[in-house]
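Below is one structure, written out as structure tokens; comments come after it.
Order of appearance sets the numbers: ligands from 1, and atoms from 1 within every ligand. These values consider heavy atoms only, across backbone and side chains, with no hydrogens, waters or symmetry-generated copies.
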Amino acid sequence: MATRNFDAVVIGAGPGGYVAAIRLAQLGKKAALVDREELGGVCLNWGCIPSKALIAAANLVDEIRHAGGRGILVGEPRVDIDKLREFKNEVVKKMTGGVGFLEKGNGVEVLKGNARFVSATAIEVDGVGEKIRVEAPAFIVATGGRPIEIPGFKVDGQHVWSAREAVDIPEVPKRLVAIGGGIIGMELGTVYAKLGSQVTFLEALPQVLTGIDPEAVRLVTRGLKPRGTTIHVNARAQGYEARGNELVVKAEVEGKPVEIPCDKVLVAVGFRPSVEGLGLEPLGVKLTPRGFIEVNPAYRTSVPSIYAIGDIAGPPLLAHKASKEGEIAAEAIAGKKSVRDWVALPSGIFTDPEIAVVGLASEEEARQAGHDPVVGKFSFGALGRSVAIAHPEGFVKVIGDRASKLLLGATLCGPDACDLVAEAALALEMGAYLEDVALTIHAHPTLPEAFMEACKAALGEAIHALNRPERPRRAGAGAPASA
Ligand code: NAD
């Protein structure tokens, strides 16, 4: 068996791994990147990027459908699914091709195949050709996660889809049951609803999008209802059977048995880490009770030559978190004093309206972190730009520390919220006070003005909303005016 030697080897070419390999090369390391599938991981091949292509297309269909309100008269839009899939595939090809170009341009060697550790400083790569041994003093494991399957719903691509099948949009079923009202269920369920499916969501917990501001979630669910959807919470899917030409999903909703006839089932009940088959356990790499790899703030595992980043190193399972962790691990391997030290980790949900959160998301979280919170809120319904583009739904809510006026977090729900959150993330990372944002001149008419107005509202100084005195708080006194 041939042996290859590198300074560092990254296993898994998703947004964690491919970024880590580039950073290693930038820092002068002879690096290799191993993956058994296409470059780009879940994110580029069947997650973030293709789903956003579909979401944008479905939004366009929806905009056309509702354009009459602005005097644009068109008939019911028709969707050529094959053409849409072709477009989505082109998007994926362009982005994964870009990753290949960047790896090559940075001098990273890409090795195709399945990697398995045979010692703490060597792996075997069983690729398309002959098996090879790859040795290095440092490895970064970035193998990501894979969809959890639940009993009674084996993903077969025919009746039952995971996100992977759903983003390939084999058809637009007349009736779709989406099991799991998490991010994937809500994003892809919305796509299919806008393309014409009647979607029934089954969520086990009392609210879809658990952990998100209930007011933002209400806007999303309120928008879905007229699009032929049904949302069941406190609902557990138990199994399904094929009856004639249809499927019947059996579930328990609020403790009562129900049967839901449908044509396809999408299972999106979370991801689990992909650790199996890597040969990590015999080396003594410690896992957390939930099966993620235990790491220190430089992403080093319990075995000093092995680092782990991204989904496999624990939640939240976000591409940009993985990328940042990849940079940190690469820098640590290159001898830099790099550790996890971010203030702000934004997250975005591409529902309609979009929802994005950064920093502390609620007053309760702020109290738990030892702050007396002050809240400022601004509605997109009062903003010129959002009204003019016919997307007045939603709000920006900021949380600050009442005494110091330090900005602590923001929840944005509305048009382009997932883009707008970048300003709030920058403000938090820079240690901004509410005044810093309030004093920053924002171009008019633009959507980011809503963030500025929310910060002003927290100071009792909103211009385009009335600053009403805060309602008395349970905990005590001394509340200044706020919108
Ligand atoms: P998720 O954890 O976001 O949601 C899964 C949902 O399924 C939960 O609400 C859970 O209560 C529910 N559930 C679990 N078992 C169930 C059952 N038997 N019946 C009914 N409901 C059940 O997981 P996901 O949506 O599959 O996404 C996977 C991961 O990918 C998440 O960690 C997510 O953060 C990440 N992701 C992020 C983005 C983004 O940032 N825009 C997009 C997609 C996915």
Side-chain angles (χ1 to χ4, degrees), residues 14-16 41-56 144-155 160-167 177-191 200-212 214 216-217 220-221 230-240 249-254 258 260 265-274 290-292 310-323 345-358 412-413 417-419 421-422 425:
V42 171
C43 171
L44 267 67
N45 288 290
W46 54 272
C48 319
I49 300 303
S51 70
K52 262 74 262 176
L54 297 182
I55 289 167
R146 62 177 72 150
I148 294 173
E149 289 203 30
I150 47 172
F153 293 94
K154 179 147 188 53
V155 174
V160 182
W161 295 340
S162 71
R164 189 170 190 147
E165 288 72 30
V167 292
V177 168
I179 304 176
I183 303 183
I184 295 181
M186 297 308 287
E187 285 189 357
L188 291 182
T190 302
V191 165
T200 303
F201 295 90
L202 297 177
E203 166 54 50
L205 297 176
Q207 175 189 294
V208 295
L209 299 174
T210 301
I212 298 294
V217 175
V220 169
T221 55
T230 309
I231 299 174
H232 293 301
V233 293
N234 298 314
R236 284 213 164 261
Q238 290 161 329
Y240 80 95
V249 169
K250 296 177 175 184
E252 199 179 87
V253 178
E254 309 282 4
V258 294
I260 305 160
V265 180
L266 165 65
V267 179
V269 295
F271 267 38
R272 65 187 175 83
S274 291
R290 290 181 59 201
F292 296 101
D311 290 0
I312 203 158
L317 310 187
L318 296 170
H320 44 281
K321 167 186 160 280
S323 299
L345 179 65
S347 64
I349 307 174
F350 290 78
T351 40
D352 187 0
E354 294 181 6
I355 302 173
V357 182
V358 65
L412 302 91
C413 174
C418 298
D419 291 295
V421 76

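- The nearest heavy-atom contact from the protein to atom 42 (C) of ligand 1 is Ile183 CG2, 3.2 Å.
- With atom 12 (C) of ligand 1 as the reference point, the heavy atom nearest to it among Lys321, Glu203, Arg146 is part of Glu203.
- Atom-to-atom distance recorded for Leu188:CG and Leu266:CG is 6.0 Å, nearest 0.5 angstrom.
- Ligand 1 lies within reach of Ala268, whose nearest heavy atom is under 4.0 Å from it.
- A pairwise comparison of heavy atoms in Ala251 and Ala237 identifies CB-CA, 3.9 Å as the closest pair.
- Of all heavy-atom pairs spanning Glu187 and Gly348, the tightest one is OE2-O, 4.3 Å.
- In this structure a side-chain-to-backbone donor-acceptor pair under 3.5 Å is missing from Lys154 to Glu149.
- Taking each of Gly348, Ser162, Pro315 in turn, the one with a heavy atom nearest to atom 40 (O) of ligand 1 proves to be Gly348.
- Contact annotation: for Ile179 versus ligand 1, heavy atoms closer than 4.0 Å belong to the side chain alone.
- Judged by the shortest distance from any of its heavy atoms, Pro147 lies outside the 4.0 Å radius around the atoms of ligand 1.
- Ring planes of Phe271 and Trp46: tilted class, angle from 30 to 60°.
- For the residues Cys418, Gly182, Gly270, the heavy atom positioned nearest atom 23 (O) of ligand 1 is part of Gly270.
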